[in-house]
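Throughout, protein chains are lettered first and strands after them, A, B, ... in sequence-line order, and every chain is numbered starting at 1.
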Amino acid sequence: MADHSLSRGARTEPRWVRWILTTVALLFLALFLVVPLAAVFSQALDKGVAVYFAALHETDALSSIRLTLLTALVAVPLNLVFGVVAAWAIAKFSFPGKSFLITLIDLPFSVSPVVSGLIYVLIFGLQGWLGPWLTEHGVKILFAVPGIILATIFVTFPFVARELIPLMEAQGKDEEEAALVLGATGLQTFFRVTFPNIRWGIIYGVILCNARAMGEFGAVSVVSGHIRGSTNTIPLQVEILYNEYNYAAAFAVASLLALLAVVTLIVKSVVEWKLKQA
Amino acid sequence: MIKRLIAGSIMIFTLVSVTPPSHAAGITLLNVSYDPTRELYQDVNAQFARYWKGKSGEDVIIRQSHGGSGKQARSVIDGLEADVVTLGLALDIDAISEKGLIAPGWQKRLPHNSSPYTSTIVFLVRKGNPKKIRDWDDLVKPGVSVITPNPKTGGNPRWAYLAAWGYVLKKKGGNEAQAREFITRLYKNVPVLDSGARGSLTTFAQRGVGDVLLAWENEAFLAVTELGRDKFETVIPSISILAEPSVAVVDRNVTRRGTRAVAQAYLEYLYTPEGQEIAAKHHYRPRMEKIALQYADQFPKVKLFTIDELFGGWKAAQKKHFDDGGIFDQIYLPGK
Amino acid sequence: MRLFKIQNNVLPGFGPTMAYTLFYLCLIVLIPLSALIFKSAGMTFHDFWGTVTAPRVLASYKVTFGMALLAALVNALFGTLVAWVLARYHFFGRKIVDALVDLPFALPTAVAGITLATIYSGNGWIGRYLEPRGIKVANTPLGILVAMTFIGLPFVVRTVQPVVEEIDSAIEEAAACLGANRWQTFRLVILPMLLPSLLTGFALSFARAVGEYGSVIFIAGNMPMVSEITPLLIITKLEQYDYKGATALALVMLLASFTLLFVINLLQRWSRRFAD
């Protein structure tokens, strides 16, 4: 960032181009993102701030927030580890069938949420493969917290991996090879050389994975059982409130998830700042 | 760091899977119900808990689960541990029964076909009724836009469809072919098929689409009170269907959990004067004569027919009208 | 830019990382998905074929896959633009805009659908300006496109953005020194570097749109043969307790998107070789 005096012209566009590009991008975002967000908040605050906060303080709402946080807390780290490990294997080595493997990793994206819930029902359901055995042994997976977590892991499975693979491939492996030649161990190479290069990818991957984990509706709705105060996540709670004609409360709880985007922004900025310090 | 993350996640996961959700001492019941009954059962649950405490000295906590009737039935079939089911149509409880979770003949175990309260389909129109909609015939006129959900994705919209069909047979003494033609014209006037009753209400009330909404009596009433008396009014057709939401104890689950007595008492409570009164307050038509008279001004007189009477029960109606390739699907076949 | 490829890889850890990748992939994705195959294997081929090629189902494929492709194209174009602007330019409120990009994930799909339908319906904030001009969005296939674009946008932005941020400015300077103008630099140097991640974003956004149910259902109108998406047909099959029919449709969708994703991934491999 320090050297822009000399080479600025080479690295950026004329002012008017920048201006047009920014305007077009912002207009597009305004149309597709800002207006919906504004609509959510305008409906959430429709009945006033008091109703807004009362809605968030309700017992069922609180229990849904707890469940959602727990779900993300389990699902995101597991998928993060998988993402990093898989990206290393796929991006740094060549082997036959690589595209096939990547496509398999992509699969959960294209599976309709309805179906991703259904597959767990087919396996763990009372009419499914493991259901009768599980019921006999008193283990609850479906219509309980483990089922919700499993469905969430499935839905958010590809995020980190898919974020890192193109990034790590773009970077090649010269730096890692140099480190190894200089005598670093494999893990040292990863943490000292690879990690700093992919930290943005990791952060974006985690942000996306987390946002989706907390916001997933379709798949979780199939495996949750909708028991009030017990197996409802935030999105399910939103649906319940909406179905109760409680628009303001529904959008208030929904706005929590929208606020999540703002929280992740703060986290990202802090990380950015810390990295600059280091 | 990564190792610690893995270890942590595994720990949390095992913790979550082995600790059953803890609840206060006493019995818990799970009532798996369909969408529009939330407020009803919230009241019933509170009252019943008091009643049961007085009767047996035990504390009982009733947990609720709501969703589309068919989806809820599937959840119970797939292992949701419901003690009682209170669903929108008998067909869905039959499906649970077929899988052996509820003993056959469940409909005979409680009075009135195991249906403690009823409802019917009415019309919700915009204030002043600008299109002059008075009865079913007005719905098929050209230029009238009717909002009703997709009968294939929800239990409730099927009642609306059958109400229209039954109107032709019953009121005009029409035959099947006429009914079929009437239904086809009716659904040609439907511009949007939402996936559920709630979505249709939003389309009609919030988006301003359509001239008339086919709604549950209790939903129409709620819409008028909640969304504005100055915007909507209800129109009661001359004849409609008697919708009988059904209730049943899930035998296999109560046997395993040892909750049969309280589950049975819970459903029976719905038939008591107290239970009937709660239902009436939430705009479900009570079965009990005495309570019905008390709330007579709330429930306008409509000629009602039952599904058994005109359609030979749910199973036959479902197969003929709503299964893939049934009459409803044929409305939309190309070239029609 | 690598000058030569090292075939004998000296990097460690291929064995364990690959083993873990395959293990986790099987556990979370492949074994659960195989349940679909086993369930629909209970059908005779004749029934299966009849189910998945019914006229209404065929019409729904057209709507679902067609709109998903269009949405992915819109996203590829505008998503790249957004990623570029966010990564390269400084303007007031950039960080807030940056955070907003994730909104489609954070908003539960049902809320997104309801909100979009509210905005784009005839009396909504945007719809009221479009409808008088004869553009109906809510309750038409165009509404499906809007919802699918909405949910797919972050994929393109978030896959392209880190690559833009990592581009070594020396490369651009070199191009400029060699006499390339800015457009040439972008087209010939930067775009090839972005292409793999752009294709990834395109593929993901497409894949996500194909399966989407919650947000589409509220804005689509769901008219048979016109604006009915395949996931909705899966739901209607489930409503009839027709698990086999539902899994059959799910399987067809799965195979179709797998094939498309596979082709895009191959294309991406090819584009990388081209970039090298």
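Contact annotation for A/Val24: both backbone and side-chain heavy atoms come within less than 4.5 Å of a heavy atom of chain C. Residue A/Tyr204 touches chain C through its side chain alone, counting heavy-atom pairs closer than 4.5 Å. For A/Thr23, no part sits under 4.5 Å from any heavy atom of chain C, backbone or side chain. In this structure, chain A has a heavy atom under 4.5 Å from the side chain of C/Leu153, while its backbone stays farther away. For C/Thr118, the part sitting under 4.5 Å from any heavy atom of chain A is the side chain, from C-beta outward, and nothing else. For C/Leu261, the parts lying near chain A are the backbone and the side chain together; criterion is any non-hydrogen pair under 4.5 Å. Heavy atoms of C/Phe155 lying under 4.5 Å from chain A belong exclusively to its side chain. Looking at C/Phe186, there are no atoms closer than 4.5 Å to chain A (heavy atoms on both sides), in backbone or side chain. Of the two parts of A/Val238, only the side chain, counted from C-beta on, holds a non-hydrogen atom closer than 4.5 Å to a non-hydrogen atom of chain C. Heavy-atom distances place the side chain of A/Phe251, and not its backbone, under 4.5 Å from chain C. Contact of A/Phe154 with chain C is made through backbone and side chain together, with heavy-atom distances under 4.5 Å. Only the side chain of C/Ile126 comes within contact range of chain A, with at least one heavy atom under 4.5 Å from a heavy atom of that chain. For A/Leu29, the part lying near chain C is the side chain, with the backbone staying farther off; criterion is any non-hydrogen pair under 4.5 Å. No part of C/Leu249 comes within reach of chain A, as not one of its non-hydrogen atoms sits under 4.5 angstrom from that chain. Contact of A/Leu208 with chain C is made through backbone and side chain together, with heavy-atom distances under 4.5 Å. Heavy-atom distances place the side chain of C/Leu116, and not its backbone, under 4.5 Å from chain A. Only the side chain of A/Leu26 comes within contact range of chain C, judged by heavy atoms closer than 4.5 Å. Contact of C/Ile114 with chain A is made through the side chain alone, with heavy-atom distances under 4.5 Å.
Counting only heavy atoms from C-beta outward, the side chains of A/Leu78 and C/Ile28 never approach each other to under 4.5 Å. Under the 4.5 Å side-chain criterion, counting only non-hydrogen atoms from C-beta, C/Phe262 is in contact with A/Ser99. Side chains of C/Glu166 and A/Leu167 form a contact here, defined as non-hydrogen atoms less than 4.5 Å apart. The shortest distance between side-chain heavy atoms of C/Phe14 and A/Phe95 falls below 4.5 Å. Proximity of A/Leu33 to C/Phe150: side-chain heavy atoms (C-beta onward) are separated by under 4.5 Å at one or more points. Residues C/Pro12 and A/Leu180 have side chains in contact (heavy-atom distance under 4.5 Å, counting atoms from C-beta outward). For the pair A/Pro235/C/Val111, no side-chain contact is recorded, criterion being any heavy-atom separation below 4.5 Å from C-beta on. Counting heavy atoms from C-beta outward, C/Val210 and A/Phe109 have side chains that stay 4.5 Å or more apart.
When each of A/Glu163, A/Glu176, A/Lys98 is checked for heavy-atom pairs under 4.5 Å with chain C, A/Glu163 comes out on top.
At least one donor-acceptor pair closer than 3.5 Å links the side chain of A/Ser112 to the backbone N or O of C/Gly211.
One distance of note links CG of A/Asp106 with CG of C/Leu260; it measures 12.0 Å at 0.5 Å rounding. Distance check, rounded to the nearest 0.5 Å: OG1 of C/Thr21 to CZ of A/Phe82 gives 5.5 Å.
The minimum heavy-atom distance linking C/Val29 with A/Leu104 is given by the pair CG1-O, 4.3 Å.
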